[in-house]
Amino acid sequence: MKNLLLLALLFTSSISIHAQSKLIKADSYLNVRTGKLISPANLLIENGTIKSINPKTLPNDVETVDLTGKILLPGLMDMHVHLDGDFRGNWDYVYKESASQGTVRAIVNAEKTLMAGFTTIRSIGQLHITPELIDVAVSEASDKGMIKAPRIIPSGHMISINGGHGDISLGLAEGLVTVGPNDGIINGKYDAIEAVRYQIKHGAKFIKMHATAGVLSMEDAIGAQQLSKEEMKTIVDEASRHHIKVAAHAHGTEGIKEAIRAGVYSIEHGSIIDDEGIQLMKENGVYLVPTRGLATIIEPMIDKMDPVMAGKANYVMPIAKQNLIKAIKADVKIAFGTDTPIIPHGKNAIEFAALIECGMSNKEAIKTATTNSAEMLELTDRGEVKEGLLADIIAVDTNPINDISTLENVKFVMKGGVIYKNEK
């Protein structure tokens, strides 16, 4: 881990961290809970937080940041990101890259994500088969101000069965790559305990498990439950003893329900969820992270994909859309997630239009990436433009309540009072 942090240090840019107070002057800011614009929007920033809004008096040495003509929002949050990955129809590079190379890739992608206006992300499983946890190293480098990156909540390796969706060695020649619990690949509850403990020992802040098969991997099934009921419960119980939560990748109907019963706090994708699963999510307060926007990326490249992946994608995408429409109508709690790199890093905001297409209002879609994500993570210091919260602030040209596409072209990014982007 120290070596990866040293590597991250090589990417240190001239990030300007000033103790001096800043006054952001914009036309208005969006109250993301009500969907109303508040004018004027004069935000006094001190020590990385929003000290006051439209203050009557100012410090003598305040630095003015003129955002005339702009609308402010809280920094956006993406709850399903794989920083160390890039997808062009396959994952072949993963087998060839070291942890250091994967860290370089993750640092580059983290900066793209921040510049797109996403100031908090959940890094939901690394793709490289390395002992080092890449997302943990990048998260620590971000926290130290060494790199331009969002606030990163890392998970380390995804926990999956041998030969399951998270087994990166699936499809390779037998014995070419050996994987085990430290890499997240388990067979039984004792392996599950070892896998959870390894990720937490090395800095994971939540655990990601694969309850079912998936789309962009080489197993034949997509909806089949993979982790057993006992394995899922063991993973959740072990993590919870360390005050760590578990997110579950789950496409298939029964795997979704078993993961909810096991005690996960989010279901990723949820493609083939049924009415019982929707009701279980509501009863247990479980969040859905649907990652719907990736369909617009996958569909044009299906013909270039491995036939196994292509067949599963063609099958599941229309089903997933209809079930997301049902979940939205049922008022299931939904948090924003893109599954980047399927949606390319830096293009995360594509997801908003996909949510709206499935029945969300613009206001509700924005809430998935602000207040909903903050509440899912139980973080009370972000998600709104509000006095006392972190100065994680973005600016756009037009009101996203009227035009959601403006969030795909963020002009200003501040994280913790530090300006990372300021375009006219």
Which atom pair, heavy atoms only, marks the closest approach of [X] to [Y]?
X    : Y    : result
G125 : D135 : N-OD2, 4.5 Å
L72  : A395 : CD2-CB, 3.8 Å
G75  : T119 : CA-OG1, 3.2 Å
I152 : S139 : O-OG, 2.7 Å
L83  : S123 : N-OG, 4.2 Å
A320 : R292 : CB-NH1, 4.2 Å

Is it true that, when you exclude [X] itself, more than 12 heavy atoms of the residues, nucleotides or ligands shown sit nearer than 6.0 Å to its [atom1]?
X    : atom1 : answer
K386 : NZ    : no
K257 : NZ    : yes
K367 : NZ    : yes
K421 : NZ    : yes

Tell me if a side-chain donor or acceptor on [X] pairs with a main-chain N or O of [Y] at a distance below 3.5 Å.
X    : Y    : result
E111 : A149 : no
Q199 : H157 : yes
N372 : I334 : yes
N348 : G346 : yes
T113 : H345 : no
N109 : A106 : no
S52  : L44  : no
T371 : T368 : no
H251 : A211 : no
E258 : K229 : no

Side-chain donor-acceptor pair under 3.5 Å between [X] and [Y], yes or no?
X    : Y    : result
K415 : S142 : yes
D403 : S405 : yes
H269 : T291 : yes
S266 : R122 : yes
H210 : Q226 : no
T253 : D274 : no

Could you tell me if the side chain of [Y] sits less than 4.5 Å from the side chain of [X], heavy atoms only?
X    : Y    : answer
P131 : Y198 : yes
E351 : H80  : no
V264 : M209 : yes
M232 : Q225 : yes
V286 : K333 : no
I71  : S28  : yes
I53  : Y29  : yes
E132 : T103 : no

Exercise for the section: Apply side-chain contact (heavy atoms from CB on, under 4.5 Å) to E238 and I207, showing your working. Expected result: CA-CA 10 Å; E238 182 62 30; I207 296 296; over 6 Å; no
If the threshold is 4.0 Å, N to carboxylate O, is there a salt bridge linking D397 and K70?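 Salt bridge: yes.
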Q) Would you call K233 and E230 a salt bridge, taking side-chain N to carboxylate O under 4.0 Å as the test? A)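 Salt bridge flag = no for E230 with K233.
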Measuring from atom [atom1] of [X] to atom [atom2] of [Y], what distance do you get when rounded to the nearest 0.5 angstrom?
X    : Y    : atom1 : atom2 : result
L114 : K148 : CG    : NZ    : 9.0 Å
L377 : R151 : CG    : CZ    : 12.5 Å
L133 : T130 : CG    : OG1   : 7.0 Å
L76  : T120 : CG    : OG1   : 9.5 Å
E97  : I129 : CD    : CD1   : 12.0 Å
K51  : L389 : NZ    : CG    : 13.5 Å

Out of N399, T398, N362, which residue meets the side chain to side chain contact (heavy atoms under 4.5 Å, CB included) rule with I404?
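The passing option is N362.
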Side chain to side chain contact (heavy atoms under 4.5 Å, CB included) test vs L73 passes for just one of L407, I393, T370, namely L407
task = Show your working on salt bridge (charged side-chain N to carboxylate O under 4.0 Å, His left out) between K245 and E378 and close with a plain yes or no.
result = CA-CA 11 Å; K245 293 183 177 182; E378 297 183 345; 3.0 Å; yes
